[in-house]
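First up is the structure itself, then whatever we jot down about it.
Start at 1 with the first residue, then count along the sequence.
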Amino acid sequence: MKLVGSKTEKEIKSELLRNTSSVFSKSVESQVKTFFLDNDLDTTKVIVLDSFPDDRIVYYWLLIESRMVGRVEVELDCPECTGMDTFTLLEYRHKLSKIQQIKLAVAMELLATET
């Protein structure tokens, strides 16, 4: 998807940066960040696409190194039970809405410009 610098894209970029900073910044202690560090994964090559709570679990959708998407599940009652499933970009793109496609494209551009 080609990006055109629209207002929507700028808003998405701001949201992605804010979400990623809230999970991975040096001053923040998060279970997702701890999971990545404990598993020797590079947090500088990750963008938080989305997060949402569901009962006792918080789900995080992450773009990792512009090559895969991870879904991290953080159990609120059991932080050490954090786990991650990974998906190829093709699997993740399947049935994305237009706005989700734009969000993914913006996230990929962010990672490309940071490396």
Side-chain angles (χ1 to χ4, degrees):
M1 171 176 281
K2 184 163 172 55
L3 299 175
V4 295
S6 70
K7 180 182 176 192
T8 301
E9 290 171 15
K10 290 175 186 174
E11 290 171 354
I12 289 171
K13 180 178 180 178
S14 176
E15 175 191 347
L16 290 171
L17 291 171
R18 187 174 49 254
N19 291 347
T20 301
S21 177
S22 72
V23 173
F24 290 111
S25 74
K26 291 181 182 180
S27 62
V28 172
E29 287 299 320
S30 75
Q31 293 162 329
V32 176
K33 180 179 168 183
T34 301
F35 176 81
F36 268 69
L37 295 175
D38 288 350
N39 289 285
D40 295 322
L41 299 168
D42 186 358
T43 61
T44 64
K45 294 182 172 45
V46 179
I47 298 286
V48 177
L49 296 170
D50 212 351
S51 65
F52 60 93
D54 182 33
D55 220 7
R56 302 305 248 177
I57 298 175
V58 179
Y59 296 94
Y60 293 88
W61 287 92
L62 312 166
L63 176 62
I64 304 167
E65 298 177 356
S66 291
R67 61 182 182 85
M68 70 177 135
V69 173
R71 182 186 66 204
V72 176
E73 298 179 9
V74 176
E75 292 188 32
L76 300 177
D77 296 337
C78 182
E80 60 276 357
C81 299
T82 300
M84 181 170 68
D85 296 320
T86 57
F87 305 88
T88 66
L89 288 176
L90 186 61
E91 290 171 322
Y92 180 72
R93 280 186 177 128
H94 185 66
K95 295 185 180 180
L96 284 181
S97 69
K98 183 72 169 177
I99 197 74
Q100 290 170 322
Q101 290 176 31
I102 294 169
K103 186 182 275 191
L104 180 60
V106 171
M108 292 180 77
E109 182 179 89
L110 280 171
L111 284 179
T113 58
E114 289 180 1
T115 57

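- Between the side chains of Q100 and S97, at least one donor N or O sits under 3.5 Å from an acceptor N or O.
- Once rounded to the nearest 0.5 Å, the distance linking CG of D50 with CG of N19 reads 7.5 Å.
- Cluster annotation: L90 is not connected to I102 through the hydrophobic network of ILVMFWY side chains, with a link wherever side-chain heavy atoms come within less than 4.5 Å.
- Taking 4.5 Å as the limit, every side-chain heavy atom of Y92 sits out of range of all side-chain heavy atoms of L63.
- Taking Ile, Leu, Val, Met, Phe, Trp and Tyr as hydrophobic and joining them when side-chain heavy atoms fall under 4.5 Å apart, one finds F24 in a cluster with V23, V32, F35, F36, L41, V46, V48, V58, Y60, L62, I64, M68, V72, V74, L76, M84.
- Rounded to the nearest 0.5 Å, atoms CE (M108) and CG (L49) are 10.0 Å apart.
- Atom OG of S25 sits about 12.5 Å away from atom CG of L17, to the nearest 0.5 Å.
- Interatomic distance, K45 NZ to R67 CZ, rounded to the nearest 0.5 Å: 10.5 Å.
- Nearest approach of A107 to L16, heavy atoms of both residues: N-CD1, 3.7 Å.
- Note that the CD1 atom of I12 and the CD atom of E109 stand 11.5 Å from one another [nearest 0.5 Å].
- In this structure, S14 and E11 have side chains that are not in contact, with every pair of non-hydrogen atoms separated by 4.5 Å or more.
- Under the rule for a side chain to side chain contact (heavy atoms under 4.5 Å, CB included), the partners of D85 that lie at least two apart in sequence or sit in another chain are R71, E73, F87.
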task = Would you sort out whether R93 and L96 count as a side chain to side chain contact (heavy atoms under 4.5 Å, CB included), showing the intermediate values?
result = CA-CA 5 Å; R93 280 186 177 128; L96 284 181; 4.3 Å; yes
inquiry  = Could you go through L111 and E65, starting from their C-alpha distance and side-chain angles, then the distance that decides it, and tell me whether this counts as side chain to side chain contact (heavy atoms under 4.5 Å, CB included)?
reply    = CA-CA 7 Å; L111 284 179; E65 298 177 356; 5.8 Å; no
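- Atom NZ of K33 sits in a crowded spot, with more than 12 heavy atoms from other residues, nucleotides or ligands closer than 6.0 Å.
- With a 4.5 Å cut-off on side-chain heavy atoms, V69 and T88 do not count as touching.
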message = Walk me through whether E15 and K103 qualify under salt bridge (charged side-chain N to carboxylate O under 4.0 Å, His left out).
response = CA-CA 9 Å; E15 175 191 347; K103 186 182 275 191; 3.3 Å; yes
